[in-house]
Amino acid sequence: MAVKVVGAGLAGTEAAWQLARRGLDVDLYEMRPMRSTPAHRTGQMAELVCSNSLKSDSECTAPWLLKEEMRRAGSLLMEITSEAAVPAGHALAVDRELFATKVTGAISSNPHIRVHREEITWVDEHDGIAIIATGPLTSDALSREITRLSGSGSPSTPGVGVLGQSEHLYFYDSISPIVEADSIDMERVYLAARYGKGTADYINCPFTREEYGRFYDALLAAESVEAREWEKLNYFEGCLPIEELARRGRDTLRFGPMKPVGLRDPRTGKQPHAVAQLRRENLRADSYNIVGFQNHLKYAEQQRIFRMIPGLENARFLRYGQIHRNTYINTPMLLTATLQMKAHPNVLFAGQICGVEGYTESIAAGLMAGVHAAALATGSEPVAPPRASAFGSLVHYITHADPKTFQPANITFDLLPPLDDRVRDRAQRHRRQCECALREFDGWLSEIGANSLAADTRRMKFTARGS
Ligand SMILES: Cc1cc2nc3c(=O)[nH]c(=O)nc-3n(C[C@H](O)[C@H](O)[C@H](O)COP(=O)(O)OP(=O)(O)OC[C@H]3O[C@@H](n4cnc5c(N)ncnc54)[C@H](O)[C@@H]3O)c2cc1C
């Protein structure tokens with residue numbers, strides 16, 4: 001019987017691919033384009049809805065470690081990120097259209113994967129194996145179904161996996177605006193990498209003290225969408241709307257997304273008072289996103305205020321910032337370390353809905369769920385990744401956090417186990433943690449027989465492209 005994967009986003013496509021490359025048949029369900037979400041724009045699989053960056057790819061950083069583990073485990077999406085990469089300094093950023101097109105192509109043409117364009121509203125926990133990878137914008141009907149699967153009698157009972165109904169089980173996230181490249185006044189901006197490290201891929205819009213002051217005052221006074229709801233919104237700390245950050249103090253932005261340090265303007269030789277940075281959206285370099293300017297302002301207000309950014313006086317906006325609900329289950333209560341429901345072991349969760357945060361983390365969770373579902377489908381016992389690895393540390397966090405205050409997390413060194421012996425130098429310590437993680441991870445890959453599959457991944461994708 002085919003394994004059912006619900007949601008063809010980042011996690012669902014990676015999970016489906018992992019199953020297929022192990023020779024298992026997959027029914028992959030995606031509700032777009034018939035029914036969309038507030039953030040998706042297309043019917044493509046694996047659409048990146050906000051930033052086009054998968055964070056740092058500098059060796060021995062925590063995001064790199066997670067990506068490196070995925071590469072070693074034969075991740076389809078990681079392979080495609082390198083084919084769709086755009087220059088972004090130390091970060092791994094992609095041309096989002098090319099990325100989604102390539103993922104959609106590889107999945108749609110895989111002979112083991114049958115794609116169904118329909119919304120799933122119920123999951124039969126007694127009928128085969130299912131992976132739920134419907135993301136932070138899971139449709140309402142399926143959210144209610146997951147509440148049932150979680151065994152919740154009362155929506156307000158903490159720790160029973162109610163989606164989007166208990167105060168601990170959702171929060172709000174926001175996305176940043178994108179402008180057309182040829183509407184940027186290149187006379188007013190400059191290209192530079194922070195501290196001159198790496199290639200100068202970012203466009204920097206420099207503010208004088210006076211310009212910053214005017215911008216800041218306008219931002220604070222700007223009208224938000226659903227202004228009366230402000231008090232109730234519960235934001236993810238890592239992705240605060242810029243106006244929320246600004247409320248914390250006049251200089252908060254200058255220590256955050258508008259940090260000028262290390263960005264000397266080559267024309268004046270001076271460091272500006274503040275800087276707004278623009279990052280390329282695609283390889284054609286015809287659109288740029290305003291990094292860290294995710295917000296919840298009315299569209300007209302965004303146009304008015306972001307045109308106060310030096311160089312963006314005549315900017316044309318391809319997308320405005322917006323806010324969205326982020327749905328996730330109470331994983332510490334509901335899932336095992338192999339992402340199976342404790343109450344229904346044939347139902348697995350993957351991606352942001354299982355309590356990880358971020359593109360890379362969602363793909364990693366999809367990869368793990370695919371591997372575990374494949375084990376279940378072939379009558380083996382799924383094996384959790386080792387605690388010392390980035391995979392294992394993410395899983396350890398989502399399954400061991402305090403259920404009362406559980407919030408999704410990005411991969412950081414804080415999640416990895418500390419080294420036995422104290423290493424004072426931070427870079428040295430991180431290097432040692434990465435070495436240890438990768439050693440353990442490689443052991444896990446051999447244990448689950450993944451090493452022998454690496455060559456197959458590429459062969460299947462070339463077949464898919466060629467067909
Ligand atoms: C607006 C927004 C901005 C974000 N910005 C960033 C960012 O900048 N950087 C970052 O690292 N992370 C960001 N995230 C967080 C997260 O990394 C992404 O949401 C990521 O896409 C999660 O991957 P996923 O596979 O879990 O979900 P998704 O990629 O959203 O995939 C889930 C899929 O399931 C489908 N679906 C939903 N319900 C059903 C149903 N009932 N039946 C069938 N299909 C269904 C959806 O259409 C979607 O295609 C953002 C999230 C949101 C919502």
Side-chain angles (χ1 to χ4, degrees), residues 4-16 27-56 63 66-67 77 91-94 96 99-100 103-104 107 115-123 130-146 163 170-176 178 236 238-239 241 279 281 289 291-296 319 321-329 349-367 369-370 408-411:
K4 193 183 221 181
V5 177
V6 191
L10 298 177
T13 50
E14 183 65 51
D27 280 318
L28 176 61
Y29 295 86
E30 171 54 56
M31 67 177 182
R32 291 178 294 117
M34 275 79 70
R35 192 185 179 109
S36 197
T37 76
H40 290 86
R41 289 289 177 93
T42 71
Q44 298 273 47
M45 300 180 194
E47 181 183 332
L48 300 178
V49 287
C50 178
S51 154
N52 62 334
S53 165
L54 283 88
K55 304 225 178 85
S56 174
L66 188 64
K67 289 195 267 290
L77 271 67
L92 171 62
V94 294
R96 74 178 73 230
F99 175 74
V103 174
T104 307
I107 293 291
V115 178
H116 308 262
R117 295 285 184 169
E118 65 180 83
E119 179 189 0
I120 292 293
T121 54
W122 64 284
V123 175
I131 298 176
I132 300 177
T134 42
L137 302 166
T138 294
S139 70
D140 290 344
L142 187 62
S143 297
R144 285 192 293 276
E145 171 66 353
I146 295 169
L163 279 148
Y170 67 93
F171 55 81
Y172 285 86
D173 227 341
S174 39
I175 63 181
S176 51
I178 296 177
F236 178 56
C239 198
R279 184 174 52 223
E281 266 293 297
N289 73 59
V291 180
F293 274 56
Q294 59 270 15
N295 71 89
H296 188 42
R319 183 184 73 189
Q322 53 174 274
I323 191 162
H324 62 90
R325 191 183 53 150
N326 188 349
T327 306
Y328 58 97
I329 59 169
F349 278 82
Q352 184 110 347
I353 195 168
C354 78
V356 297
E357 165 66 30
Y359 297 149
T360 318
E361 290 81 353
S362 297
I363 301 170
L367 195 155
N410 294 116
I411 187 69

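Counting starts at 1 for both ligands and their atoms, following the listed order. Bear in mind that the values here come from a model prediction, so they are computed numbers and not experimental data.
With hydrogens and angles disregarded, a donor-acceptor distance shorter than 3.5 Å links the side chain of Tyr359 to the backbone of Ser51. Between the side chain of Lys67 and the backbone N or O of Leu54 there is at least one donor-acceptor pair closer than 3.5 Å.
On a distance-only criterion, Glu119 and ligand 1 share no N/O pair closer than 3.5 Å. In terms of polar-atom proximity, defined here as any N/O pair under 3.5 Å, Ala350 makes no such contact with ligand 1. Residue Thr37 has no nitrogen or oxygen atom sitting less than 3.5 Å from a nitrogen or oxygen atom of ligand 1, judged on distance alone.
Ionic pairing of Glu47 and Arg32 is present here: one or more N-O contacts between side-chain nitrogen and carboxylate oxygen are shorter than 4.0 angstrom.
Only the backbone of Ala133 comes within 4.0 Å of ligand 1, counting heavy atoms alone; no side-chain atom from C-beta on gets that close. When non-hydrogen atoms are compared, ligand 1 lies under 4.0 Å from the side chain of Leu142 (C-beta onward) but not from its backbone. When heavy-atom distances to ligand 1 are checked against a 4.0 Å cut-off, Thr134 comes that close through both its backbone and its side chain. Under 4.0 angstrom from ligand 1, the non-hydrogen atoms of Ser139 come from both its backbone and its side chain.
Close contacts between ligand 1 and Gly358 involve ligand atoms 10 (C), 11 (O), 12 (N), 17 (O) [criterion: under 4.0 Å to a heavy atom]. Close contacts of ligand 1 with Ser51, meaning ligand atoms under 4.0 Å from a residue heavy atom, involve 8 (O). When each atom of ligand 1 is checked for a heavy atom of Ile120 under 4.0 Å away, the hits are 40 (C), 41 (N), 42 (N), 43 (C). Counting the atoms of ligand 1 from 1 in the order shown, those under 4.0 Å from a heavy atom of Ala39 are 1 (C). Those atoms of ligand 1 that come under 4.0 Å of a heavy atom in Leu137, given as number and element, are 53 (C). Those atoms of ligand 1 with a heavy atom of Pro136 less than 4.0 angstrom away are 19 (O), 27 (O), 30 (O), 53 (C).
Residues Pro408 and Tyr328 approach most closely at CD-CZ, 3.3 Å, considering heavy atoms. Thr121 and Glu145 get closest at one heavy-atom pair: O-CB, 3.3 Å. Residues Ala91 and Ser53 share a closest heavy-atom pair of CB-OG, 3.9 Å. In plain terms, the two heavy atoms of Ala11 and Ser362 that are nearest each other are CB-O, 3.3 Å.
Considering Glu30, Glu145, Met31 only, the shortest heavy-atom separation from atom 49 (O) of ligand 1 involves Glu30. Considering only non-hydrogen atoms, atom 25 (O) of ligand 1 lies nearest to Ala11 out of Ala11, Gly351, Gly321. In the candidate list Gln352, His40, Glu14, Glu47, His40 is nearest to atom 30 (O) of ligand 1, counting heavy atoms. Residue Cys50 holds the heavy atom nearest to atom 4 (C) of ligand 1 of all those in Cys354, Ser53, Cys50.
Partners of Phe99 by ring-ring contact (aromatic ring centres under 6.0 Å, His included), not counting sequence neighbours: none found. Applying the side chain to side chain contact (heavy atoms under 4.5 Å, CB included) test to Ala8 and every residue at least two apart in sequence or in another chain returns Thr13, Leu28, Glu30, Met45.
For the pair Glu118 and ligand 1, a heavy-atom separation below 4.0 Å is found.
In this structure, the side chains of Met31 and Arg117 stay at 4.5 Å or more apart for every pair of heavy atoms.
Separating the CD1 atom in Ile411 from the CG atom in Leu66 is a distance of 5.5 Å, to the nearest 0.5 Å.
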